[in-house]
Amino acid sequence: MDDRILQQCEELMKKGSTSFHKAFDVLPSPRREAVHVIYAFCRIIDDSVDEPEGAPFSIHELREHFMNLEQADGHFIWPALRWLFSGFPQLQREPFLLQMEGQLRDLTFTAYDTMEQLKDYCYLVAGTVGEMLLPVLRDDQSEAARTSGIALGIGMQLVNIIRDVGEDLRRGRRYVPLEVMGRHGYSQQELEDGEVNHRFTAVIQELRTEALDWFRQGLTHVDTYPLESGLAIELAASFYAAILDAVEADEYDVFRKRSYVSDEAKLQLFQRTVVRYAGVRTAVV
């Protein structure tokens, strides 16, 4: 394997999510590089739907190439994926196909009525990432850890949905379920107008509570992972959950602001988490 191919995957991860890159940088090789490859492919899948004009492949082309992975060429992701599946033989292809199925849904199913519908979507586009990471982060195939990994992915996707309400509306999508809006008396028209009031705040707070519940489930078995993997999972979860605090600090104006966690806040989270993992190789965040 040409190291430059894996470096390209890492660069795509750095560009797409500094939080995830910093969290998983504590992993030893080759687990670390495997996470870079998984993230890079998921990023390319996401871009094929959200930013198709700048994506190297359409979602349909990605699926076709992935189904014929041994022959796929023309981009660094294909040899990287072949390296990934060769080095981690317990890794299944099904979660990757489900991930693409979830992204395809964004092209046709653009408004959600119930939390159950939203949960199914969150599993497809994010819970599957937990399944992809399981054989990379640990050597056994624990069903309990798999369930927790899925839960953490769902929680993270709910955070994305909260943070990106305005951006998604501009793309013609409404992930906030009507049943949640209805419980708090917040109307579709208010949402389209970008109105932030006490009713909208209540909607976001309900989604926040739901996300944090999934985070709690997701961290249930973190102590059964190798130390570096457990640390990486906790860091990723803490960085992502902190976005919810940033949304609150921005007074819930997710229509006009993109809330983010500062480097200083990430450093504090890192320092608080790493003390529980004595002996793990770490770099300054």
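All values below were derived from every heavy atom in this structure, side-chain atoms included, with hydrogens, water molecules and symmetry-related copies excluded.
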Donor-acceptor pair between Q7 and E11 side chains, under 3.5 angstrom: no
Looking only at heavy atoms, which two atoms of S142 and A145 are closest? And how far apart? OG-N, 3.0 Å
Check ion pair E206-R183 (N to O, under 4.0 angstrom): yes
Using ring centroids (six-membered ring only for Trp), state whether Y252 and F200 fall under 6.0 Å. no
Closest heavy-atom pair and its distance - M115, P177: SD-CG, 3.6 Å
I'd like to know whether the aromatic ring centres of F239 and F270 sit less than 6.0 Å apart in this structure. no
Once side-chain contact (heavy atoms from CB on, under 4.5 Å) is applied, do any residues pair with R199, and if so which ones, sequence neighbours excluded? Y186, E190, E195, N197
Quick test of your reading of the model: are R256 and D253 salt-bridged, counting only N-O distances below 4.0 Å? yes
Taking C-beta and beyond as the side chain, do L81 and H65 meet within less than 4.5 Å on heavy atoms? no
According to the ring pair (Phe, Tyr, Trp, His ring centres under 6.0 Å) rule, which pairs have a member within residues 116-163, sequence neighbours left out? Y112-Y121, Y121-Y175
Just wondering, do K22 and D25 contact through their side chains at under 4.5 Å, heavy atoms? no
Distance-only criterion, 3.5 Å: show the donor-acceptor pairs between side-chain atoms of residues 216-223 and protein atoms not counting sequence neighbours.
{"unit_1": "R216", "atom_1": "NH2", "unit_2": "D213", "atom_2": "OD1", "d": "2.3"}
{"unit_1": "T220", "atom_1": "OG1", "unit_2": "R216", "atom_2": "O", "d": "3.1"}
{"unit_1": "T220", "atom_1": "OG1", "unit_2": "Q217", "atom_2": "O", "d": "2.8"}

Side chain to side chain donor-acceptor pair (under 3.5 Å) with R138: which residues, sequence neighbours excluded? D140, T224
So, using side-chain contact (heavy atoms from CB on, under 4.5 Å) as the criterion, who are the partners of Q268 when residues are at least two apart? E264, R272
Just wondering, more than 12 heavy atoms not from F88 lying within 6.0 Å of its CZ? yes
In terms of heavy-atom contacts, C9 and A80 come closest through SG-CB, 3.7 Å
Heavy-atom side-chain contact between H36 and L6 under 4.5 Å: no
Side-chain donor-acceptor pairs of residues 162-172 under 3.5 Å, sequence neighbours excluded:
{"unit_1": "R163", "atom_1": "NH2", "unit_2": "N160", "atom_2": "OD1", "d": "3.1"}
{"unit_1": "D164", "atom_1": "OD1", "unit_2": "R258", "atom_2": "NH1", "d": "3.0"}
{"unit_1": "E167", "atom_1": "OE1", "unit_2": "R258", "atom_2": "NH1", "d": "3.2"}
{"unit_1": "E167", "atom_1": "OE2", "unit_2": "R171", "atom_2": "NH1", "d": "2.9"}
{"unit_1": "R170", "atom_1": "NH1", "unit_2": "F255", "atom_2": "O", "d": "3.2"}

Any ion pair linking D73 and R82 (charged N to carboxylate O, less than 4.0 Å)? no
Is any side-chain N of the basic residue among E234 and R276 closer than 4.0 Å to the acidic one's carboxylate O? yes
Looking at R4, I want to see if its CZ is surrounded by more than 12 non-hydrogen atoms of other residues, nucleotides or ligands under 6.0 Å. no
Just checking F24 against Y39, ring centres under 6.0 Å apart? no
